[in-house]
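Please read these numbers as outputs of a predicted model, since none were measured by experiment. Starting from 1, each residue takes its place in the sequence as its number.
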Amino acid sequence: MKKRVITAAVLVPILLTMLFALPKVVTVVVVSLACAVAAYELLAGTGLVNHTRIVLYSMIIAALMPVWCYYDMDGLVARLGVLTFFVLLFLEIMLSDKKLSFEKCSVCVVAGLLFPYLLCSLVRIFAPDGGRYVILIPFVVAFLGDSGAYFIGCRFGKHKLAPTISPKKTIEGVAGGMLFAVVGMMLYTLIMQAVFDCKVNYGYAVVYGIFGSLAGVFGDLCLSVVKRQAGIKDYGNLFPGHGGILDRFDSMLTVGPLVEILLIILP
């Protein structure tokens, strides 16, 4: 618990400085590195794939995805990159003399393309004009939802949500996370209105909080399933008390894309 709090106290100011004080390209680079590390954690960290070259291919394509989201507006280079990744994976299968399975290469597609594409929602939210005003929304929803679920679950949790997947998660914790996320969104909306003079809708803020917190729980459970099947406790140890990139940002895989969609239909 103490390590979690100290790590959060260090990371939050760094995150705010990066998002609001530094050039946007810095955020793109950080997301790029995070995607590469996440790909490594899913493949080599879990032991699901132990083939050095295709792990490297997956890390490279994962790192390039945020860059393409930011710079490659027509998607031409991205399509070429995905095609190259596809060719390399199947060449490895063909040359392995049946030692490299299609299933392992499929996991590489998840690590190198699917997860990075979902995380790139942060870049797609941040990149446009005005992106700095709304980029904190997925972080507010995901992190406060997670914190609320943890504290309320520890204090009042009695009914298990998914005991075989995540034994510590409770229905009471989910409700607490939803409450924290809604309150956090209301406060953030108030700040946007009072400080930045933005046009806001408090009803929409409640929607963001409720559905964002539920999406965060689902994302957490998705990555927990993989950990259970791989027989590991954490994906990594990059963040003391939190684990690796996938441990800390598992909920962002679903919260980020959902917020991106909500910003379009409920701006």
Side-chain angles (χ1 to χ4, degrees), residues 4-5 8-9 11-13 15-16 18-20 27 31 117-162 165-166 168-224 242 248-267:
R4 288 175 65 94
V5 173
L11 290 180
V12 168
L15 175 66
L16 294 176
M18 180 181 71
L19 293 178
F20 292 100
T27 298
V31 175
Y117 180 79
L118 294 174
L119 286 175
C120 280
S121 59
L122 299 177
V123 175
R124 295 189 294 270
I125 292 171
F126 188 54
D129 294 337
R132 292 187 192 271
Y133 295 110
V134 293
I135 186 56
L136 277 185
I137 292 176
F139 292 98
V140 169
V141 171
F143 292 168
L144 285 183
D146 182 62
S147 298
Y150 178 79
F151 289 115
I152 300 299
C154 288
R155 180 66 179 85
F156 301 104
K158 294 181 180 179
H159 301 88
K160 300 295 184 182
L161 177 68
I165 299 174
S166 186
K168 294 183 179 180
K169 275 192 170 41
T170 62
I171 295 175
E172 292 82 3
V174 172
M178 192 182 302
L179 176 62
F180 271 51
V182 169
V183 171
M185 276 304 304
M186 295 293 282
L187 291 174
Y188 185 63
T189 303
L190 177 64
I191 292 172
M192 289 180 69
Q193 182 180 41
V195 178
F196 301 110
D197 196 28
C198 295
K199 293 182 179 180
V200 297
N201 186 308
Y202 288 92
Y204 289 174
V206 173
V207 173
Y208 277 62
I210 292 174
F211 288 97
S213 65
L214 292 177
V217 172
F218 183 76
D220 192 325
L221 289 175
C222 290
L223 272 294
S224 293
H242 294 267
R248 178 62 276 179
F249 293 96
D250 49 6
S251 58
M252 200 62 73
L253 291 171
T254 44
V255 173
L258 177 64
V259 170
E260 183 184 8
I261 294 169
L262 288 175
L263 285 170
I264 295 173
I265 61 177
L266 298 176

With a 3.5 Å distance limit and no angle check, can you tell me whether [X] reaches the backbone of [Y] through a side-chain donor-acceptor pair?
X	Y	answer
Y208	L263	yes
Y188	A205	no
S166	A162	no
E172	K158	yes

Beyond-backbone contact of [X] with [Y], side-chain heavy atoms, under 4.5 angstrom:
X	Y	result
K169	V174	no
V134	M192	yes
D146	R248	yes
F139	M252	yes
V217	L161	yes
T27	I135	no
T170	H159	no
L190	V200	no

Stepwise side-chain contact (heavy atoms from CB on, under 4.5 Å) check, M186 with V206: CA-CA 7 Å; M186 295 293 282; V206 173; 3.8 Å; yes
Kindly compute the distance separating [atom1] ([X]) from [atom2] ([Y]), expressed to the nearest 0.5 Å.
X	Y	atom1	atom2	value
I171	I152	CD1	CD1	15.0 Å
D220	T254	CG	OG1	8.5 Å
N201	L266	CG	CG	8.0 Å
L179	L144	CG	CG	10.5 Å
L122	E260	CG	CD	9.0 Å
L258	S251	CG	OG	11.5 Å

Please give me the minimum heavy-atom distance between [X] and [Y], naming the atom from each residue.
X	Y	value
S213	A181	CB-CB, 3.8 Å
K160	K168	NZ-CA, 4.4 Å
L253	L118	O-CB, 3.5 Å
P138	V259	CD-CG1, 3.9 Å

Y133 atom OH, neighbour heavy-atom count above 12 within 6.0 Å: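 Check fails, neighbour count at 12 or below.
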Check against side-chain contact (heavy atoms from CB on, under 4.5 Å), F143 and F249: CA-CA 9 Å; F143 292 168; F249 293 96; 3.8 Å; yes
